[in-house]
Amino acid sequence: MKRMKTLCLVLLCLFVLSGCTSLKGNVPFQYQPSLISTSKEIQKTAGVKLLVDNRPESDVKSTRKTIKDVPNKVTYKMIEDFKASNIFSDIHYPPRETDDIIIEGTINRFRWKVKPLITAFIPYIPLFGVPIQDFIGEADITLTIKDNSGARLGTINGAASQKLTYT
């Protein structure tokens, strides 16, 4: 009888702990720079201006508590990505008078929404690794590239969305 209780206790512990093996340790919406790296860099220096926050009020509300100062963080990550990609001979913030190219832009959409699933409200079910939350991220950014005289060279618009489910 004692062996049976011990076996049941061990099996119960394994069953409960098996849910913990599916937990994800990364931070929601963790940015990963692109893996693009070019051997043909543009022999120009580029200066980046702080992106203008042009998001709808609903997007601003979705990040107000969790992500402070969205324009600074998005601009910083964009510069980091440009540096990692080796596109320009030099890139920095803020722009300098000697820059060949000026990059400015707007954040049209940047939203982070946490959507709890019904399983999050059922007692003990999250212990077993059942999905309990969806994290939905959306971004839409427009960049304008100008030469140092202010003439527009081009406009780029990029949008993306991501949905992650956490247990």
Side-chain angles (χ1 to χ4, degrees), residues 19-20 22-38 41-42 44-88 90-96 99-123 125-127 129-167:
C20 295
S22 64
L23 291 175
K24 297 182 182 196
N26 58 347
V27 178
F29 208 64
Q30 184 175 357
Y31 175 79
Q32 296 176 354
S34 68
L35 298 177
I36 298 170
S37 183
T38 179
E41 82 179 26
I42 300 170
K44 304 277 184 189
T45 60
V48 178
K49 289 185 177 181
L50 182 66
L51 296 177
V52 176
D53 193 351
N54 195 23
R55 298 177 294 153
E57 184 59 33
S58 61
D59 288 7
V60 173
K61 280 184 182 178
S62 76
T63 58
R64 188 170 286 141
K65 292 181 183 176
T66 55
I67 305 172
K68 306 290 183 203
D69 204 8
V70 170
N72 272 337
K73 289 184 178 176
V74 173
T75 302
Y76 173 78
K77 288 298 185 180
M78 185 180 70
I79 292 169
E80 188 178 83
D81 195 25
F82 281 143
K83 284 182 178 181
S85 299
N86 295 320
I87 293 174
F88 301 106
D90 190 22
I91 188 161
H92 51 271
Y93 170 84
R96 299 177 186 160
D99 288 332
D100 300 312
I101 296 171
I102 306 296
I103 301 171
E104 55 188 38
T106 59
I107 303 170
N108 307 314
R109 176 138 229 185
F110 190 89
R111 172 174 97 111
W112 181 246
K113 182 179 180 183
V114 178
K115 181 181 167 190
L117 302 174
I118 190 70
T119 56
F121 305 106
I122 301 172
I125 199 89
L127 295 174
V130 176
I132 59 167
Q133 290 180 333
D134 283 337
F135 291 90
I136 303 161
E138 296 176 329
D140 182 353
I141 298 172
T142 302
L143 298 178
T144 303
I145 296 116
K146 298 180 178 181
D147 65 11
N148 59 3
S149 68
R152 183 188 293 190
L153 300 175
T155 301
I156 301 168
N157 183 267
S161 64
Q162 183 178 28
K163 179 180 177 184
L164 301 171
T165 299
Y166 285 87
T167 56

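Positions are given from 1 along the sequence. Worth saying up front: this structure is predicted, and the values here are computed from it rather than measured.
- Take R55 and apply the salt bridge (Lys or Arg N to Asp or Glu O under 4.0 Å) test, not counting sequence neighbours, and it matches D53.
- Remark: I103 CD1 to F88 CZ distance equals 4.0 Å, nearest 0.5 Å.
- Scanning for side-chain contact (heavy atoms from CB on, under 4.5 Å) contacts around K44 gives I42, D100, I101, with sequence neighbours left out.
- With sequence neighbours excluded, the residues that form a side-chain hydrogen bond (donor to acceptor under 3.5 Å, both in side chains) with N72 are D69.
- I141 is linked by a side-chain contact (heavy atoms from CB on, under 4.5 Å) to L51, V74, L143, counting only residues two or more places apart in sequence or in another chain.
- T75 places a side-chain heavy atom less than 4.5 Å from the side chain of V48.
- Considering only residues two or more places apart in sequence or on other chains, R152 meets the salt bridge (Lys or Arg N to Asp or Glu O under 4.0 Å) condition with none of them.
- Applying the salt bridge (Lys or Arg N to Asp or Glu O under 4.0 Å) test to D59 and every residue at least two apart in sequence or in another chain returns R109.
- Residues passing the side-chain contact (heavy atoms from CB on, under 4.5 Å) test with N148: none are found, sequence neighbours excluded.
- Evaluation of the side-chain contact (heavy atoms from CB on, under 4.5 Å) rule for A151 yields D147, S149 as partners, not counting sequence neighbours.
- Rounding to the nearest 0.5 Å places NZ of K73 at 12.0 Å from CD1 of I107.
- Environment of OH in Y93: crowded, with over 12 heavy atoms of neighbouring residues, nucleotides or ligands closer than 6.0 Å.
- With sequence neighbours excluded, the residues forming a salt bridge (Lys or Arg N to Asp or Glu O under 4.0 Å) with K49 are E104, listed by chain and number.
- Scored by the side-chain hydrogen bond (donor to acceptor under 3.5 Å, both in side chains) test, T142 finds N108, N157 as partners (sequence neighbours excluded).
- Inter-residue side-chain proximity for K77 and I79 is flagged as unmet; no heavy-atom pair is nearer than 4.5 Å.
- Distance check, rounded to the nearest 0.5 Å: OG1 of T45 to CD1 of I91 gives 9.5 Å.
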